[in-house]
Enquirer: 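One structure is given below, represented as structure tokens, and several questions about it will come after.
Chain letters run A, B, ... following the sequence lines, proteins first and then strands; every chain starts at 1.
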There are 2 protein chains.
Amino acid sequence: MSEPAIRRPYRREGEEKRRDALIAAAMALVAEGGPEAATVRAIAARAGVTPGLIRHYFQSKEELTHAAYRQVMEAMTHEAMRAAAAIPEADPAGRLAAFVAANFRPPVMTTLLVGVWAGYMHLGRNDPVMHAIHEATYLGYRDRLQELIAALPRPADPARDRREAIACNALIDGLWIEGGSLPDNFDQGEVLRIALDGIGAMLGIRFPESAYQIPPESETPA
Amino acid sequence: MSEPAIRRPYRREGEEKRRDALIAAAMALVAEGGPEAATVRAIAARAGVTPGLIRHYFQSKEELTHAAYRQVMEAMTHEAMRAAAAIPEADPAGRLAAFVAANFRPPVMTTLLVGVWAGYMHLGRNDPVMHAIHEATYLGYRDRLQELIAALPRPADPARDRREAIACNALIDGLWIEGGSLPDNFDQGEVLRIALDGIGAMLGIRFPESAYQIPPESETPA
DNA sequence: TGCGTTATTATCCACATGTATAATTGACGG
DNA sequence: CCGTCAATTATACATGTGGATAATAACGCA
């Protein structure tokens, strides 16, 4: 009945490593089974530790949730901005196309990221911290998009730019959700094509054929 | 210590009335506080009954959840189809505009509906029943949209129609989420205008000015 | 009016969750 | 090689959850 109570062996790790592992575990569980699956026990098990350790690195489970959500949102916008910044400023349409395209390939359009987004989305409606994270990343994303649109070579019209940024942002979001939720329903590159065609039509421009190409290394990301 | 155990008085109601009340209570709670707020005790309290009654009308709480989700999704598509059907077939663009516009006013674009949608969205990723409900309503919605697009007076091209239906659907979804989540960020009718402008641009048509008008009675719905 | 049906309430239960605290042990400096 | 510290584990706890079952009273009908 009373086992000899052999204590689980363990290794000491750096704080950053443990925090990252716990955040990653929480994200994966949310993506797979929704927020209700990300219990402290499940998170700890996936991270290879015992539940108590969570409270050692995070003041509460809520704090871990905030950290995970922030990481997800920041990863999305950061990736899109990085792609846009890789194109010279002399090519505004190319920058916009790169910004758009980044949303429709890994590491942005993955079942994990869409799943985490879906699982946490409703929390922004009540939790003020989550709402702040959402606002900071989401509206920041749209503002960045509007800047890229305003840089296009055409007469200036801020009000129009704002409306078009809202529309483009909505189109990207809708396609990202669909493409990430039901990846089997779309051919390779189809979502990107639809996005660029739609945004081009709404802005009255035409993206070069090169914008539609998918970087070959994106098929099997490291 | 032991109160006289006075039993709560109650009235017998019809089965349909009680089921509707429980579903409405569950929806309201999910919209306000997310799925975790919709406990059997909270649902019963809001519906004015005791928790045990839920199990009298639904085999499990899960079954009640399914019923609520189905009602939300069906209300959305039904409302849009009803609006489109009110326009004569001889006016394909008008039908499409009516279909689109229905999504951006009550009873479709409300914080309650968007909140419930957000709260339940991730469940479609795991629960097979929820997934089936989602698929039946969501894809059905898109198919209906594609039919309206295919009816436009222009050369037939099913593949193009499919892509454009996906794009229009994504745009509508994205705007609906934004408009329903942050209604204060948009002027009266602004979301509808952005939607019609964007869809018109993507389809290469121009909707009549009348399509942008908001029915006056929609401001304060019954 | 009185009776039976059953909608509704009240109570109990097994279990899961987040959290708090005590016990242990790995790693590092002397 | 030993002592110290904290990273980590183990255990306990209060609370809340969905579900099961028994008791009761509202309503329809004779």
Side-chain angles (χ1 to χ4, degrees), chain A residues 1-23 25-26 29-30 33-68 119-120 123 126-127 129-130, chain B residues 1-23 25-26 29-30 33-68 119-120 123 126-127 129-130:
Chain A
M1 217 173 283
S2 64
E3 294 293 323
I6 172 177
R7 199 181 176 90
R8 159 204 264 246
Y10 61 94
R11 278 181 36 207
R12 293 192 165 199
E13 296 282 359
E15 165 161 356
E16 195 179 356
K17 201 169 181 178
R18 277 278 133 92
R19 289 180 70 99
D20 287 352
L22 290 169
I23 290 173
L29 285 165
V30 169
E36 67 271 19
T39 68
V40 288
R41 287 165 178 80
I43 294 170
R46 174 164 297 221
V49 297
T50 48
L53 199 61
I54 290 179
R55 296 286 321 275
H56 185 73
Y57 286 113
F58 299 92
Q59 208 163 12
S60 68
K61 188 203 169 185
E62 200 180 17
E63 191 181 304
L64 168 56
T65 298
H66 294 160
Y120 281 156
L123 294 182
N126 302 293
D127 184 332
V129 176
M130 294 291 267
Chain B
M1 223 173 276
S2 63
E3 295 292 323
I6 173 177
R7 200 181 176 88
R8 158 204 264 245
Y10 61 92
R11 278 179 38 207
R12 291 192 165 198
E13 296 283 1
E15 163 161 356
E16 196 179 354
K17 202 168 179 178
R18 277 279 135 90
R19 289 179 68 98
D20 286 352
L22 289 169
I23 290 173
L29 285 165
V30 170
E36 66 271 21
T39 68
V40 289
R41 288 166 177 80
I43 293 170
R46 173 162 298 217
V49 296
T50 47
L53 199 62
I54 290 178
R55 295 283 324 265
H56 185 73
Y57 287 113
F58 299 93
Q59 208 163 12
S60 67
K61 187 204 169 186
E62 199 179 18
E63 191 182 303
L64 167 57
T65 298
H66 295 159
Y120 281 158
L123 294 181
N126 301 293
D127 184 332
V129 176
M130 294 291 268

Enquirer: Test: salt bridge (Lys or Arg N to Asp or Glu O under 4.0 Å). Region: residues 36-45 of chain A. Which pairs qualify, not counting sequence neighbours?
Expert: none
Enquirer: Please enumerate all residues that pass salt bridge (Lys or Arg N to Asp or Glu O under 4.0 Å) together with A/Arg46, with sequence neighbours excluded.
Expert: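 For A/Arg46, the residues satisfying salt bridge (Lys or Arg N to Asp or Glu O under 4.0 Å) (neighbours in sequence not counted) are A/Glu32.
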Enquirer: Run the side-chain contact (heavy atoms from CB on, under 4.5 Å) test against B/Glu15 and tell me which residues pass, sequence neighbours left out.
Expert: B/Arg19, B/Tyr57
Enquirer: Please name all residues satisfying side-chain contact (heavy atoms from CB on, under 4.5 Å) with A/Ala37, sequence neighbours left out, ordered by chain then number.
Expert: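 Partners of A/Ala37 under the side-chain contact (heavy atoms from CB on, under 4.5 Å) test: none.
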Enquirer: Throw together a table of side-chain donor-acceptor distances under 3.5 angstrom for residues 58-67 of chain A, partners on residues two or more places apart or in other chains.
Expert:
unit_1, atom_1, unit_2, atom_2, d
A/Ser60, OG, A/Glu62, N, 3.4
A/Ser60, OG, A/Glu63, N, 3.3
A/Lys61, NZ, A/Ala38, O, 2.8
A/Glu63, OE1, A/Gln59, N, 3.4
A/Thr65, OG1, A/Lys61, O, 3.2
A/His66, NE2, A/Asp127, OD2, 2.8

Enquirer: May I ask you to test the A/Asp20-A/Lys17 pair for a side-chain heavy-atom distance under 4.5 Å?
Expert: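 Result no, sub-4.5 Å side-chain heavy-atom pair not found.
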Enquirer: Find the distance B/Ile43:CD1 to D/dT17:P and express it as a whole number of Å.
Expert: 11 Å
Enquirer: I'd like to check the salt bridge (Lys or Arg N to Asp or Glu O under 4.0 Å) partners of A/Arg11; sequence neighbours left out, ordered by chain and number.
Expert: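 Testing A/Arg11 for salt bridge (Lys or Arg N to Asp or Glu O under 4.0 Å), a comparison that skips the adjacent residues, returns A/Glu13.
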Enquirer: Whole angstrom is fine here: how far is it from CG in A/Leu22 over to P in D/dT9?
Expert: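 Distance check: A/Leu22 CG to D/dT9 P gives 10 Å.
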Enquirer: Which pairs, protein N/O on one side and nucleotides 16-19 of chain C N/O on the other, fall under 3.5 Å?
Expert:
unit_1, atom_1, unit_2, atom_2, d
C/dG18, OP1, A/Lys61, NZ, 2.5
C/dG18, OP2, A/Val40, N, 2.8
C/dG18, N7, A/Arg41, NH1, 2.9
C/dG18, O6, A/Arg41, NH2, 2.9
C/dT19, OP2, A/Lys61, N, 3.1

Enquirer: Tell me, which pairs form a salt bridge (Lys or Arg N to Asp or Glu O under 4.0 Å) where one or both residues lie in residues 48-59 of chain A, sequence neighbours left out?
Expert: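 Sorted result for residues 48-59 of chain A: empty, none.
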Enquirer: Can you give one letter per nucleotide of nucleotides 3-8 of chain D, 5' to 3': B if a protein heavy atom sits under 4.0 Å from the base, S if only from the sugar-phosphate, - if neither?
Expert: ---BBB
